[in-house]
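Working notes, beginning with the structure itself.
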Amino acid sequence: MSLRPEQITARQYLDQKGSRLTAAQLRDRVGAAFAAIEEALGSVEEEAARGRAIAGAWSVQEIVDHLVETHRPSIAELRDLLSGRRPEGPPIPAGLQSADPMGRRWPDLLRDLRGLHAEILGALVAVPDGYTTDARAPLIMVVNTRAADGSEKPLHWIEELDWKAYAIVFRLHVLDHLGQIKKTLGAARAGS
């Protein structure tokens, strides 16, 4: 199977910015991403979080719901990897959301996100530098690509990741959605 350029770039990134880092470097990078999104969300009021500023796009609340719903099972998978085991079951779905993303109170959703971030960082803090394992986890990678007409289309595939590459995906995932949150809030301000 031949790989698309976007897949090759993603693999190189995961190797260089994930697998080759020390445990301490990973903790710092993942922690910085978590701090950035938590800071950005800290000033978002519930009404703004629930607003749909861009037609067809998730609200800020739906984005945070997605992060909570994907982080929760990801912690179990990370712990499996750190214990030298391949996680059981299929990879976590890319567009996972709760049954009712708008049904939760905004402060409760933010509290859950912060708690999950603390759990992830706690798991990473416990890893000594130099720890290795052959365990791998399947993860659905999603990369936006440009079509010939200039539109963006997501490219999905399953990638087998070591624990370090798996951990750095938390950073990538959070920063991707932080950009989406900023875009949504910017559109809301422009429309008011």
Side-chain angles (χ1 to χ4, degrees), residues 3-19 21 25-44 48-49 51-75 77-78 91-98 101 106 109-110 112-114 116-121 124 137-147 150-189:
L3 297 176
R4 292 184 51 158
E6 297 90 352
Q7 290 172 293
I8 294 168
T9 300
R11 280 186 173 178
Q12 290 170 338
Y13 181 92
L14 292 169
D15 178 56
Q16 294 168 5
K17 304 293 185 181
S19 300
L21 296 183
Q25 289 170 320
L26 281 169
R27 284 190 297 272
D28 289 347
R29 289 179 182 229
V30 172
F34 288 172
I37 198 166
E38 289 174 18
E39 181 180 339
L41 292 170
S43 62
V44 177
R52 189 164 315 280
I54 302 171
W58 282 347
S59 67
V60 173
Q61 173 132 350
E62 289 167 317
I63 294 166
V64 175
D65 174 84
H66 165 72
L67 289 171
V68 166
E69 292 301 311
T70 55
H71 282 2
R72 192 174 288 125
S74 294
I75 292 169
E77 289 191 353
L78 177 63
I92 298 164
L96 187 61
Q97 287 188 290
S98 69
W106 176 241
L109 197 57
L110 288 179
D112 287 354
L113 183 67
R114 286 189 296 272
L116 291 167
H117 286 170
E119 271 192 75
I120 293 164
L121 291 174
L124 293 176
L139 186 130
I140 298 174
M141 294 291 297
V142 181
V143 175
N144 289 327
T145 62
R146 287 249 179 248
S151 64
E152 273 195 358
K153 297 189 184 211
L155 172 65
H156 297 79
W157 77 96
I158 296 176
E159 193 71 39
E160 294 282 329
L161 302 179
D162 63 38
W163 77 268
K164 290 180 177 182
Y166 192 95
I168 206 65
V169 170
F170 284 114
R171 177 183 185 276
L172 296 173
H173 191 219
V174 163
L175 292 179
D176 182 52
H177 286 299
L178 176 57
Q180 187 181 12
I181 288 165
K182 289 179 178 179
K183 184 177 175 182
T184 300
L185 293 173
R189 281 191 296 276

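Values below: every heavy atom of this structure, side chains too, minus hydrogens, waters and symmetry copies. Computed from a predicted structure; not experimentally measured.
- To the nearest 0.5 Å, atoms CD (Q61) and OG1 (T184) are separated by 13.0 Å.
- Listed here is the closest heavy atom pair of L139 and Y166: CD1-CE1, 3.7 Å.
- Here OG of S74 is found 9.0 Å from CG of L96. Values are rounded to the nearest 0.5 Å.
- For residues 62-74, the set of pairs meeting the salt bridge (Lys or Arg N to Asp or Glu O under 4.0 Å) definition, not counting sequence neighbours, comprises R52-E62, E69-R72.
- Atom CG of L121 sits about 11.0 Å away from atom CG of L26, to the nearest 0.5 Å.
- Evaluation of the ring pair (Phe, Tyr, Trp, His ring centres under 6.0 Å) rule for W106 yields no partner, not counting sequence neighbours.
- Between E6 and V143 the shortest heavy-atom distance is CB-CG1, 4.1 Å.
- Annotation: side chain of L113 is in contact with side chain of L41 (closest heavy-atom distance under 4.5 Å).
- In this structure, A40 and L178 approach most closely via the heavy-atom pair CB-CD1, 3.6 Å.
- For D15, the side chain to side chain contact (heavy atoms under 4.5 Å, CB included) criterion is met by S19, R20, not counting sequence neighbours.
- Every side chain to side chain contact (heavy atoms under 4.5 Å, CB included) that I140 has, sequence neighbours left out, goes to P91, A94, V142, H156, I158.
- With a 4.5 Å cut-off on side-chain heavy atoms, R4 and W157 do not count as touching.
- With contacts defined as side-chain heavy-atom distances shorter than 4.5 Å, the pair L124/F170 does not qualify.
- To the nearest 0.5 Å, the span separating CH2 on W58 from CD on Q180 amounts to 6.5 Å.
- I168 contributes atom CD1, which lies 6.0 Å from atom CG of L21 (distance to the nearest 0.5 angstrom).
- Side-chain contact between H173 and H71: present, with at least one pair of heavy atoms (C-beta onward) separated by less than 4.5 Å.
- Legend: salt bridge (Lys or Arg N to Asp or Glu O under 4.0 Å) pairs involving residues 152-164, not counting sequence neighbours, sorted by first then second residue: R11-E159, R86-E160, R146-E152.
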Tell me which donor-acceptor pairs under 3.5 Å the side chains of residues 28-39 have, and how far apart each pair is, sequence neighbours excluded?
residue	atom	partner	partner atom	Å
E38	OE2	H117	ND1	2.6

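- A heavy-atom distance below 4.5 Å is found between the side chains of M141 and L14.
- The line from CG of L67 to CG of L109 is 9.0 Å long, rounded to the nearest 0.5 Å.
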